[in-house]
Amino acid sequence: MSDRLPHEKGFHVSWDQLHRDARALAWRLDGKGPDEGNWRAVVGITRGGLVPAAIVARELDIRKVDTISVKSYSHQEQREAKVIKPTQPDIMENGGEGVLIVDDLVDTGNTLKLVRELFPKAQFATVYAKPKGAPLVDTYITEVSQDTWIFFPWDMALQYVQPYRGTE
Ligand SMILES: O=P(O)(O)OC[C@H]1O[C@H](OP(=O)(O)OP(=O)(O)O)[C@H](O)[C@@H]1O
Ligand code: HPA
Ligand SMILES: [Mg+2]
């Protein structure tokens with residue numbers, strides 16, 4: 001069992017909200033790249049970073065997009081972070097200098113700690129951050145408390161709810 005459970009609160013993010021927040025992240029990053037404000041590539045940490053990375057790459061007109069696959073959770077239980085698939089070797093050149101690495105969120109920071117070791121000179125951005133992991137990210141949009149679980153739109157479905165007063 002993880003020492004991070006239970007998560008008392010839920011923060012539910014719709015597709016609309018995620019799109020808005022990922023765009024806001026791109027706009028905040030605009031012009032901050034090393035080469036006249038441009039990054040040489042965007043890397044999404046799969047799977048959660050895939051959608052935000054696509055939105056950031058589109059907004060900032062970055063055509064070179066790669067992925068690194070890191071798994072550290074099974075449902076809400078934390079496991080040891082493992083690289084399942086690395087990036088292309090040229091992305092790792094010069095410690096990842098000029099590369100923008102994007103994930104959906106940072107929680108304990110375990111995932112980013114591992115990726116930072118592989119890319120010590122890259123820039124790191126997440127859409128959401130919890131306090132424990134926030135120092136590991138260079139740029140993020142929204143912070144939520146450590147006891148909050150963020151539910152992403154790809155993990156949810158619309159469903160019926162009972163009226164507040166109920167019916168007899
Ligand atoms: O800061 P941490 O405590 O490491 O947690 C954050 C990471 O956990 C989740 O990924 P997960 O390992 O669940 O895989 P997924 O992206 O494929 O869902 C999330 O997408 C982040 O990558
Ligand atoms: O709050 C979270 N939500 C979804 N995935 C996660 N992986 C770590 N923390 C979270
Ligand atoms: Mg992830």
Side-chain angles (χ1 to χ4, degrees), residues 1-26 28-29 39 41-60 62 64-88 91-92 95-96 99-159:
M1 278 283 273
S2 156
D3 59 356
R4 303 166 49 266
L5 293 175
H7 294 93
E8 288 185 359
K9 299 169 208 148
F11 181 75
H12 297 81
V13 183
S14 67
W15 282 111
D16 234 30
Q17 188 65 47
L18 192 271
H19 196 180
R20 242 189 287 274
D21 290 341
R23 272 193 163 146
L25 180 65
R28 192 165 289 177
L29 291 163
W39 278 277
V42 170
V43 171
I45 303 178
T46 70
R47 295 161 304 178
L50 278 174
V51 172
I55 294 166
V56 167
R58 188 266 177 189
E59 290 301 313
L60 300 183
I62 304 166
K64 198 164 181 181
V65 180
D66 201 344
T67 57
I68 179 169
S69 178
V70 178
K71 181 171 191 234
S72 61
Y73 286 82
S74 189
H75 300 290
Q76 293 191 23
E77 283 187 33
Q78 190 173 29
R79 308 267 158 88
E80 192 193 343
K82 273 194 202 136
V83 176
I84 295 171
K85 188 212 79 91
T87 63
Q88 280 185 188
I91 301 278
M92 298 182 76
V99 172
L100 177 61
I101 301 190
V102 176
D103 206 352
D104 52 356
L105 84 148
V106 61
D107 187 324
T108 61
N110 274 2
T111 303
L112 290 194
K113 240 179 255 160
L114 179 67
V115 181
R116 269 192 183 276
E117 280 168 21
L118 301 169
F119 299 89
K121 292 193 185 156
Q123 280 275 322
F124 286 78
T126 62
V127 187
Y128 305 106
K130 300 188 193 179
K132 205 168 163 194
L136 285 152
V137 197
D138 300 302
T139 311
Y140 63 85
I141 293 299
T142 300
E143 183 162 329
V144 303
S145 62
Q146 201 67 41
D147 62 351
T148 297
W149 189 261
I150 303 172
F151 291 92
F152 287 98
W154 46 84
D155 286 331
M156 292 187 293
L158 283 178
Q159 67 172 53

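The figures here come from the full heavy-atom set of this structure, side chains too, leaving out hydrogens, waters and symmetry mates. Atoms within a ligand are numbered from 1 in the order they appear, just like the ligands themselves.
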Asks: Please classify the Leu105 to ligand 1 contact at 4.0 Å (heavy-atom distances, strictly less than): side chain, backbone, both or neither.
Replies: both
Asks: Could an N or O of ligand 1 be found under 3.5 Å from any N or O of Ile45, whether backbone or side chain?
Replies: no
Asks: For ligand 1, is there an N or O atom under 3.5 Å from any N or O atom of Lys71?
Replies: no
Asks: At under 4.0 Å between heavy atoms, which part of Asp104 makes contact with ligand 2: side chain, backbone, both or neither?
Replies: neither
Asks: For Leu136, is there any backbone N or O sitting under 3.5 Å from a side-chain donor or acceptor partner on Arg116?
Replies: yes
Asks: Is a donor from one side chain sitting under 3.5 angstrom from an acceptor on the other, for Ser145 and Asp147?
Replies: yes
Asks: Short question: side chain of Asp66, backbone of Gln88 - any donor-acceptor pair under 3.5 Å?
Replies: yes
Asks: Only heavy atoms of Ile150, strictly under 4.0 Å: list the atoms of ligand 2 that pass.
Replies: 1 (O), 2 (C), 3 (N), 4 (C)
Asks: Taking the six-membered ring for Trp, are Phe151 and Trp149 parallel (under 30°), tilted (30 to 60°) or perpendicular (over 60°)?
Replies: perpendicular
Asks: Which ligand 1 atoms, with their elements, are less than 4.0 angstrom from a heavy-atom of Thr108?
Replies: 1 (O), 2 (P), 3 (O), 4 (O)
Asks: May I ask you to identify, for Asp103, whether its side chain, its backbone, both or neither come under 4.0 Å of ligand 1 on a heavy-atom basis?
Replies: side chain
Asks: Hey, is Asp107 touching ligand 2 through its side chain, its backbone, both or neither, going by heavy atoms under 4.0 Å?
Replies: side chain
Asks: Report yes or no: does His7 have a heavy atom closer than 4.0 Å to ligand 2?
Replies: no
Asks: Tell me whether Asp103 contacts the main-chain N or O of Gly49 through its side chain, where contact means a donor paired with an acceptor under 3.5 Å.
Replies: yes
Asks: Suppose I only count heavy atoms of Val106 and a 4.0 Å limit; which atoms of ligand 1 are within that range?
Replies: 1 (O)
Asks: Any donor and acceptor pair, going by atom type alone, linking the side chain of Arg28 with main-chain N or O of Tyr140 inside 3.5 Å?
Replies: yes
Asks: Looking only at heavy atoms, is any part of Asp104 under 4.0 Å from ligand 1, and if so is it the side chain, the backbone, or both, or is it neither?
Replies: side chain
Asks: Of all the atoms in ligand 1, which lie at a distance below 4.0 Å from a heavy atom belonging to Gly109?
Replies: 1 (O), 2 (P), 3 (O)
Asks: Rounded at 0.5 Å granularity, tell me how far CD1 in Ile45 sits from CG in Asp104.
Replies: 9.0 Å
Asks: Among Lys132, Gln146, His7, whose side chain to side chain donor-acceptor pair (under 3.5 Å) with Asp107 holds?
Replies: Gln146
